[in-house]
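Let me begin by presenting the structure, written as structure tokens, before commenting on it.
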Amino acid sequence: MIGMEVHVQPTTRSKMFCGCAVGQLGDPPNSNVCEICLGMPGVLPVINKAAVEACLKTALALSCEIPRHTKFDRKNYMYPDLPKGYQISQYDLPMSLNGFLELDGRRVRIRRVHLEEDTGKLIHAGDKLHKSWESFVDLNRAGVPLMEIVSEPDLGSADEARDYAVALRTMLRTIGASEAEMEKGQLRAEPNISLRRAGSKELGVKTELKNINSFRALHRAILYEVTRQTEVLESGGAVVQETRGWSEAEGRTFSQRSKEFAEDYRYFPEPDLPPLEIDAAWIEQLRSALPELPGARRGRLVSQHRLPAADAVLIAADRELADLFEAAVAAGAEPKPVANWIIGEVAPSGKIPTPEHLADLVKLVTGGSITRDQGREVLVESVETGRLPSDIVREHGFAQLSDESALQVEVEAVIAANPRAVEDYRAGKKQALGALMADLKKRAPQANPRIASELLLRLLG
Amino acid sequence: MLARLALEPGDEEFYAEQLSGILVHIDRLQQLDIDAIPPTAQVVEVANTLREDVPRPGLDQADALANAPAAVDGFFRVPSIQEET
């Protein structure tokens with residue numbers, strides 16, 4: 001079973017406990033730092049309100065309980081990525097507890113969502129890590145806000161773990177809590193993996209995987225680790241509780257360090273930060289400002305627009321696509337064809353037309369003015385040039401041939417040119433019709449396929 | 001961090017006595033009956049001291065590195081922390 005620890009950088013302009021800017025990847029090292037995040041003596045941290053609110057919004061969106069009283073703690077460890085000698089985190093009174101995220105109609109339990117600060121970045125000199133003799137420290141990220149979202153071990157496969165991470169990302173982006181770009185390190189997923197015997201409820205020793213930079217890597221790393229643990233156990237060995245790094249290049253995990261137990265961190269309350277009292281009015285204010293969540297939107301796409309559930313799942317998973325869908329429907333196009341075009345064409349290409357253009361295109365196709373294939377071309381051109389599909393169709397003379405007498409000429413030509421297929425068809429080989437239709441499509445690409453095939457059948461007798 | 005401080009020769013006796021004193025004092029604290037006292041993390045009765053999310057300038061790179069025992073190309077340089085595995 002897999003539990004996920006996901007670290008998410010909330011969208012803020014400044015750091016968690018000081019006014020340093022949250023910089024960009026590629027900033028010069030140690031250029032977004034101050035006395036506070038460098039851990040100099042005598043400084044006092046102050047909590048960033050926007051980070052607290054992002055965390056509370058996330059907790060609300062995940063249906064967590066939000067205790068009235070919460071505080072920060074010091075997690076002590078000696079490591080040069082945090083110059084204070086401790087990380088400010090939350091231990092026994094986290095900001096929120098006991099929520100869930102809905103995944104394919106079932107609930108993945110969320111144990112807690114809390115706030116903490118990120119660490120600096122270490123670069124190890126030398127070709128191989130274990131041969132390196134010095135490290136270089138950049139503290140630009142030290143003190144950047146992080147939310148830690150911890151799930152229960154409710155995920156049964158690499159597929160589920162990836163779907164969970166994707167759904168979480170959708171949720172965070174929908175509520176504006178985080179950009180959650182994995183490639184930028186704004187969302188870091190660390191799966192905890194343990195095996196259990198079939199039929200047993202007892203979980204085995206778990207390992208935690210780090211250094212995962214994409215949803216694909218998450219999936220691969222879990223598959224690898226499950227196989228590795230299975231082999232260890234089947235050969236009579238024991239899985240060691242530890243943190244393992246994922247190497248994307250080598251496609252394997254490797255031992256990083258034995259997992260510390262909680263007491264090693266000597267947690268104690270952060271004396272420099274007053275506690276937080278989160279009252280009902282504050283929670284209500286944040287709750288009322290939340291946009292429609294993906295789950296609710298999915299339900300509404302089904303009830304209001306009569307979409308099949310499978311379509312609603314795909315469209316609601318992406319706020320941009322869902323907005324496009326609803327705006328195109330509002331512009332007068334039929335819901336189901338709009339959904340088909342979004343799922344079949346827009347989503348895979350990643351090129352988003354304006355709602356008015358999409359609605360225009362869908363109306364052209366459903367009204368029979370152009371074929372689906374022509375529609376695809378028109379869509380591509382419309383996105384590239386920003387022009388209205390109707391204008392493109394008019395200009396290319398793309399309009400679909402639906403006039404029966406004109407079509408009949410084409411169909412007769414097809415029959416004349418393919419005596420063999422015609423004979424086959426009349427002898428009972430119905431699949432010969434396919435060859436005839438293919439030839440028709442070649443001669444008259446704009447032919448309305450429904451009317452053309454009716455004509456063809458009639459003329460073949 | 002205290003463990004990094006070196007003692008002058010001859011001071012060992014002096015500090016040994018002081019440290020023992022501290023340990024004896026902690027022993028006495030541990031004998032207190034505190035069952036009826038709730039855990040206290042804060043003695044100042046304030047809460048929700050928050051800062052608006054507005055960036056302000058920090059230290060420039062040269063100042064940030066000024067106290068570092070070793071720095072190179074804008075980075076702090078530290079002995080390797082990667083353990084042999």
Side-chain angles (χ1 to χ4, degrees), chain A residues 12-15 17-22 28-38 40 46-53 69 71 73 78-81 83 85 120 122-126 129-130 132-139 254-257 268-271 273-278 282, chain B residues 1-7 19 22-23 25-32 34-85:
Chain A
T12 63
R13 298 166 64 210
S14 65
K15 289 189 178 180
F17 300 114
C18 60
C20 287
V22 171
N30 298 302
S31 59
N32 297 313
V33 292
C34 72
E35 297 86 342
I36 293 174
C37 54
L38 289 177
M40 292 189 178
V46 188
I47 302 166
N48 184 338
K49 186 179 176 192
V52 171
E53 295 200 328
H69 182 83
K71 67 169 171 71
D73 300 275
M78 285 302 206
Y79 207 66
D81 60 4
L122 296 181
I123 298 167
H124 306 291
L129 288 181
H130 64 279
S132 76
W133 54 280
E134 59 184 6
S135 301
F136 301 104
V137 190
D138 172 12
L139 296 174
F254 57 93
S255 178
Q256 276 189 323
R257 60 179 177 194
F268 63 84
E270 167 57 80
L273 290 172
L276 292 174
E277 298 288 338
I278 296 154
W282 193 4
Chain B
M1 288 296 176
L2 288 174
R4 296 258 184 93
L5 296 178
L7 294 181
L19 284 171
I22 293 170
L23 291 176
H25 184 65
I26 288 170
D27 270 348
R28 278 169 58 196
L29 289 178
Q30 281 179 337
Q31 285 160 19
L32 291 174
I34 53 165
D35 284 353
I37 302 170
T40 309
Q42 289 282 337
V43 290
V44 192
E45 303 239 332
V46 291
N48 296 8
T49 307
L50 299 167
R51 180 175 61 76
E52 291 302 319
D53 181 29
V54 181
R56 58 165 182 73
L59 296 170
D60 65 35
Q61 193 190 61
D63 286 341
L65 298 171
N67 289 335
V72 63
D73 296 338
F75 291 92
F76 294 94
R77 196 172 77 178
V78 299
S80 172
I81 37 68
Q82 197 77 24
E83 282 169 32
E84 302 255 340
T85 51

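Residue numbers start from 1 in every chain, and the chains themselves are labelled A, B, ... in the order their sequence lines are given, proteins ahead of strands. Quick caveat: nothing in here was measured; it's all calculated off a predicted structure.
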Taking it one step at a time, do B:Leu59 and A:Met40 satisfy side chain to side chain contact (heavy atoms under 4.5 Å, CB included)?
CA-CA 12 Å; B:Leu59 296 170; A:Met40 292 189 178; 4.2 Å; yes
Within a 6.0 Å radius of atom NE2 on A:His69, are there more than 12 heavy atoms belonging to other residues, nucleotides or ligands?
yes
Would you compute the distance between atom CZ of A:Arg13 and atom CD of B:Glu52 and round it to the nearest 0.5 angstrom?
11.0 Å
Pick one of side chain, backbone, both or neither for A:Pro271, based on which atoms fall under 4.5 Å of a heavy atom in chain B.
backbone
Which pair of non-hydrogen atoms, one from B:Ala47 and one from A:Pro274, has the smallest distance, and what is that distance?
CA-CB, 4.1 Å
At a 4.5 Å cut-off on heavy atoms, which part of A:Glu35 comes close to chain B: side chain, backbone, both, or neither?
both
Can you say whether A:Phe268 sits under 4.5 Å from chain B via the side chain, the backbone, both, or neither, judging by heavy atoms?
neither
Quick check: does any side chain N or O of B:Asp53 sit under 3.5 Å from a backbone N or O of A:Ala50, one acting as donor and the other as acceptor?
no
Residue that, paired with B:Leu50, satisfies side-chain contact (heavy atoms from CB on, under 4.5 Å) out of A:Val52, A:Asn48, A:Val46:
A:Val52
Quick check against the 3.5 Å criterion: does B:Asn48 have a side-chain atom that pairs as donor or acceptor with the backbone of A:Glu277?
yes
Does atom CD1 of B:Ile34 have more than 12 heavy-atom neighbours from other groups under 6.0 Å away?
no
Check whether any side-chain N or O of B:Arg77 sits under 3.5 Å from a backbone N or O of A:Glu134 as a donor-acceptor pair, and report yes or no.
no
A:Leu38 vs B:Phe76, test: side chain to side chain contact (heavy atoms under 4.5 Å, CB included). Steps then yes/no.
CA-CA 11 Å; A:Leu38 289 177; B:Phe76 294 94; 4.1 Å; yes
Per-residue contact mode, A:Leu273 against chain B (heavy atom under 4.5 angstrom):
backbone
Output for pair (B:Phe75 CZ, A:Leu139 CG), nearest 0.5 Å, gives 10.5 Å
Atom pair CG (B:Asp73) and CG (A:Asn30), whose distance is rounded to the nearest 0.5 Å:
11.5 Å
For B:Gly58 and A:Cys34, which heavy atoms make the closest approach, and how far apart are they?
CA-CB, 3.9 Å
So B:Arg51 and A:Lys49, do their side chains get closer than 4.5 Å, heavy atoms only?
no
Using a cut-off of under 4.5 Å for heavy-atom pairs, which of A:Pro28, A:Pro269, A:Pro29 has the most such pairs with chain B?
A:Pro29
